2 protein chains.
Amino acid sequence: MEQLFVTSSGQLRQRWMQAFADARAALRVADAVSLAPRDPRILWLDASGLDRTACLERVREAVATGSRVVLMSAVPGEAEAFEALNQGAVGYCHVEAAPSQLREIALVVEHGGLWMLPELVQRLMGLSLRVVPTPAPAHPQLDTLTSRELMVAGRVARGASNQEIAEALDISERTVKAHLSSIFDKLGVRDRVQLALAMNNIPTYTSVN
Amino acid sequence: MEQLFVTSSGQLRQRWMQAFADARAALRVADAVSLAPRDPRILWLDASGLDRTACLERVREAVATGSRVVLMSAVPGEAEAFEALNQGAVGYCHVEAAPSQLREIALVVEHGGLWMLPELVQRLMGLSLRVVPTPAPAHPQLDTLTSRELMVAGRVARGASNQEIAEALDISERTVKAHLSSIFDKLGVRDRVQLALAMNNIPTYTSVN
DNA sequence: AGAGGCATTGGACAAAAGGGCAGGATGTGC
DNA sequence: GCACATCCTGCCCTTTTGTCCAATGCCTCT
């Protein structure tokens, strides 16, 4: 299977060539894909030097090409790993991973597996358990919220007060309340507690009974 | 790597032998492990005919032996998959999986990967995203709460108002407030929103930053 | 009996939260 | 231009939430 590395630095190409004799590199996802039009290919994305948004954007783009995507981070973190995998990546490792490890990862990914740092696997499993009973995805109708409302809702979902939200978004507390009223209305909840729970897909007392 | 199959039926051994020439089978986990005392081994558990509890118990036992564990289910389901993986299994597939697929799975698992049905991977990722920021398991110290406090906290965790809690527990709203103050203090949260989130093991804005 | 924890409540008060009404400022599409 | 949505804000009001100080009764342990 083709091994395509996408990086802006190009510093690490030697290591990669050591892992895969036929590895090729490119600056952008589109370039890499055009190097190997055949479908089964692995795209290795170098996340170093990219902020979270740009990184996720790149993962999404890479996944959309139909490739198996492995994200390589300079500072592997839980949040980044999950976000990447959620975008459709099937691997997450250190950007400085040894050639032998890269080959192992390639092997796993080529055969339909998922590869990530062992401790992250552990963590992922622990997380999923408590969500298991959820029968349906049952996401609230978040798409009915405007972008601003989503920001407010997101912060309430993490326990922020109106004052904190106002400061974070640099708007008045009154505006936060206005957004909240609208959110309550759209999502059919009555207060911030129920909103916080709904945002986390947790059923509410009144909705349960 | 040793391939050890644990099954009570023995009906499917032929298929397994077809996948792995050196496969061996046993009735119980302990027997299987004694067949191959060397550490790197894959234990394939046949879940058919076992109820959920027995099945999970077996997975746990198998994981405890230090083996890579793959659970094979006759009726693969989301909940079962997550529970199994949460117990430490690294694979989950159909018990009737084709020999070629079994070999792929073995390959993935041997190299530190995780293998499960593609649609389950998708689901798993979707779930994990919303829990991502959790920095620690951070179970609230619920044992420090008195029984009455626990009742109140439990209802707040499902979005109830003070008034509703008072009515449900047949006490005055004032008492509910008193309990809440005590709860906030003990759990180190500042208001009912953060309490609701904490009770559901969801990290809080202020604890993250 | 006395100490201490727990559950309960009251009154008073302060701080959030939430909503009604009214307005302004941007956009976008018809 | 006009309608419409979104975003932002003010004033003022009610409700809810949360805290402080104080008190009573019950129970257990010493």
Side-chain angles (χ1 to χ4, degrees), chain A residues 53 139-200 202-209, chain B residues 140-200 202-209:
Chain A
T53 315
H139 254 287
Q141 317 92 335
L142 293 185
D143 39 324
T144 71
L145 298 185
T146 67
S147 70
R148 212 56 171 162
E149 286 167 352
L150 252 179
M151 295 183 202
V152 173
R155 288 178 186 264
V156 169
R158 298 203 301 283
S161 68
N162 289 346
Q163 181 64 51
E164 286 168 344
I165 297 170
E167 284 170 15
L169 301 186
D170 194 34
I171 55 181
S172 76
E173 195 179 330
R174 180 64 191 83
T175 306
V176 174
K177 289 182 181 180
H179 285 312
L180 275 176
S181 290
S182 171
I183 294 167
F184 294 157
D185 192 42
K186 287 181 180 176
L187 299 191
V189 298
R190 69 169 181 220
D191 59 33
R192 62 197 306 109
V193 179
Q194 296 197 347
L195 171 60
L197 295 174
M199 289 292 290
N200 289 286
I202 294 166
T204 270
Y205 186 69
T206 50
S207 79
V208 166
N209 182 17
Chain B
Q141 317 92 332
L142 294 185
D143 40 325
T144 70
L145 299 185
T146 68
S147 69
R148 210 59 170 163
E149 287 166 350
L150 210 48
M151 295 182 203
V152 173
R155 289 179 185 264
V156 169
R158 296 203 302 283
S161 69
N162 289 347
Q163 182 63 50
E164 286 169 343
I165 297 171
E167 284 170 14
L169 301 187
D170 193 35
I171 56 182
S172 77
E173 194 180 332
R174 179 65 191 78
T175 306
V176 174
K177 289 183 179 180
H179 285 314
L180 275 176
S181 289
S182 172
I183 293 167
F184 294 157
D185 192 43
K186 286 181 179 176
L187 299 191
V189 299
R190 69 169 179 219
D191 58 34
R192 63 195 308 108
V193 178
Q194 295 198 347
L195 171 60
L197 294 174
M199 290 293 290
N200 289 286
I202 293 166
T204 270
Y205 187 69
T206 49
S207 78
V208 167
N209 179 20

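Since this is a predicted model, take the numbers as computed values, not measurements. Heavy-atom basis, side chains included; hydrogens, waters and symmetry copies ignored. Proteins come first, then strands; the chains are lettered A, B, ... in the order of their sequence lines, and each starts at number 1.
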In this structure, how many angstroms lie between the [atom2] atom of [N] and the [atom1] atom of [X], rounded?
X: A/Glu164; N: C/dA15; atom1: CD; atom2: C1'; result: 14 Å
X: B/Gln163; N: C/dA17; atom1: CD; atom2: C1'; result: 17 Å
X: A/Asp185; N: C/dG20; atom1: CG; atom2: C1'; result: 14 Å

Task: Distance, nearest 0.5 Å, that separates CZ of A/Arg155 from CG of A/Leu195 - done: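 Taking CZ in A/Arg155 and CG in A/Leu195, the distance rounds to 14.0 Å.
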TODO: To the nearest 0.5 Å, tell me how far A/Asp185 CG sits from A/Glu149 CD.
DONE: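 A/Asp185 CG to A/Glu149 CD: 9.5 Å, rounded to 0.5 Å.
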Open item on the list: I'd like to know whether B/Ile171 forms a side chain to side chain contact (heavy atoms under 4.5 Å, CB included) with B/Arg148, so could you lay out the CA-CA distance, the side-chain angles of the two residues, the decisive distance to 0.1 Å, and finally the verdict.
Closed with: CA-CA 11 Å; B/Ile171 56 182; B/Arg148 210 59 170 163; 3.6 Å; yes
- [ ] Check whether any side-chain heavy atom of A/Thr146 sits under 4.5 Å from a side-chain heavy atom of A/Lys186, and report yes or no.
- [x]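 Result yes, sub-4.5 Å side-chain heavy-atom pair found.
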- [ ] Name all residues meeting the side chain to side chain contact (heavy atoms under 4.5 Å, CB included) criterion together with B/Leu150; count only those two or more places apart in sequence or in a different chain, and write none if there are none.
- [x]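 Here the qualifying residues are B/Leu142, B/Leu145.
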Open item on the list: Run the side chain to side chain contact (heavy atoms under 4.5 Å, CB included) test against B/Ala196 and tell me which residues pass, sequence neighbours left out.
Closed with: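 So B/Ala196 forms a side chain to side chain contact (heavy atoms under 4.5 Å, CB included) with A/Val193, A/Leu197, B/Val156.
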Open item on the list: Once side chain to side chain donor-acceptor pair (under 3.5 Å) is applied, do any residues pair with B/Ser161, and if so which ones, sequence neighbours excluded?
Closed with: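 Applying side chain to side chain donor-acceptor pair (under 3.5 Å) to B/Ser161 gives none.
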Open item on the list: A/Asp191: which residues meet the side chain to side chain donor-acceptor pair (under 3.5 Å) condition with it, sequence neighbours left out?
Closed with: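 Once residues adjacent in sequence are excluded, A/Asp191 has no partner under the side chain to side chain donor-acceptor pair (under 3.5 Å) criterion.
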Find every protein N or O atom lying less than 3.5 Å from an N or O atom of nucleotides 6-13 of chain C, and list the pairs.
residue, atom, partner, partner atom, Å
C/dA7, OP1, B/Thr146, OG1, 3.0
C/dA7, OP1, B/Arg148, N, 3.1
C/dA7, OP2, B/Thr146, OG1, 2.5
C/dT8, OP1, B/Arg148, NE, 2.8
C/dT8, OP1, B/Arg148, NH2, 2.7
C/dT8, OP2, B/Arg148, NE, 2.9
C/dT8, OP2, B/His179, NE2, 2.8
C/dT9, OP2, B/Ser172, N, 2.7
C/dT9, OP2, B/Ser172, OG, 3.4
C/dT9, OP2, B/Thr175, OG1, 2.6
C/dT9, O5', B/Ser172, OG, 3.4
C/dT9, O5', B/Thr175, OG1, 3.4
C/dG10, N7, B/Arg174, NE, 3.4
C/dG10, O6, B/Arg174, NH2, 2.8
C/dG11, O6, B/Arg174, NE, 2.7
C/dG11, O6, B/Arg174, NH2, 3.0

Open item on the list: Going 5' to 3' along DNA chain D, between which two nucleotides do contacts with chain B fall, using a heavy-atom cut-off of 4.0 Å?
Closed with: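 Reading along DNA chain D, I get D/dT17 to D/dC21.
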Task: Short N-O contact, B/Arg190 and A/Glu164, less than 4.0 angstrom - done: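 Yes, B/Arg190 and A/Glu164 are salt-bridged.
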Task: A/Arg192 side chain vs A/Phe184 backbone, donor-acceptor pair below 3.5 Å - done: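 No: the side chain of A/Arg192 does not pair with the backbone of A/Phe184.
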Quick one: side chains of residues 173-181 of chain B, donor-acceptor pairs under 3.5 Å with protein atoms, not counting sequence neighbours, listed by atom name and distance.
residue, atom, partner, partner atom, Å
B/Thr175, OG1, B/Ser172, OG, 3.1
B/Ser181, OG, B/Lys177, O, 3.3

TODO: Five pairs at each end of the helix from C/dA1-D/dT30 to C/dC30-D/dG1: take the axis at both ends and give me the angle between them to 10°.
DONE: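 Roughly 40°, once rounded to the nearest ten degrees.
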Which pairs, protein N/O on one side and nucleotides 25-30 of chain C N/O on the other, fall under 3.5 Å?
none

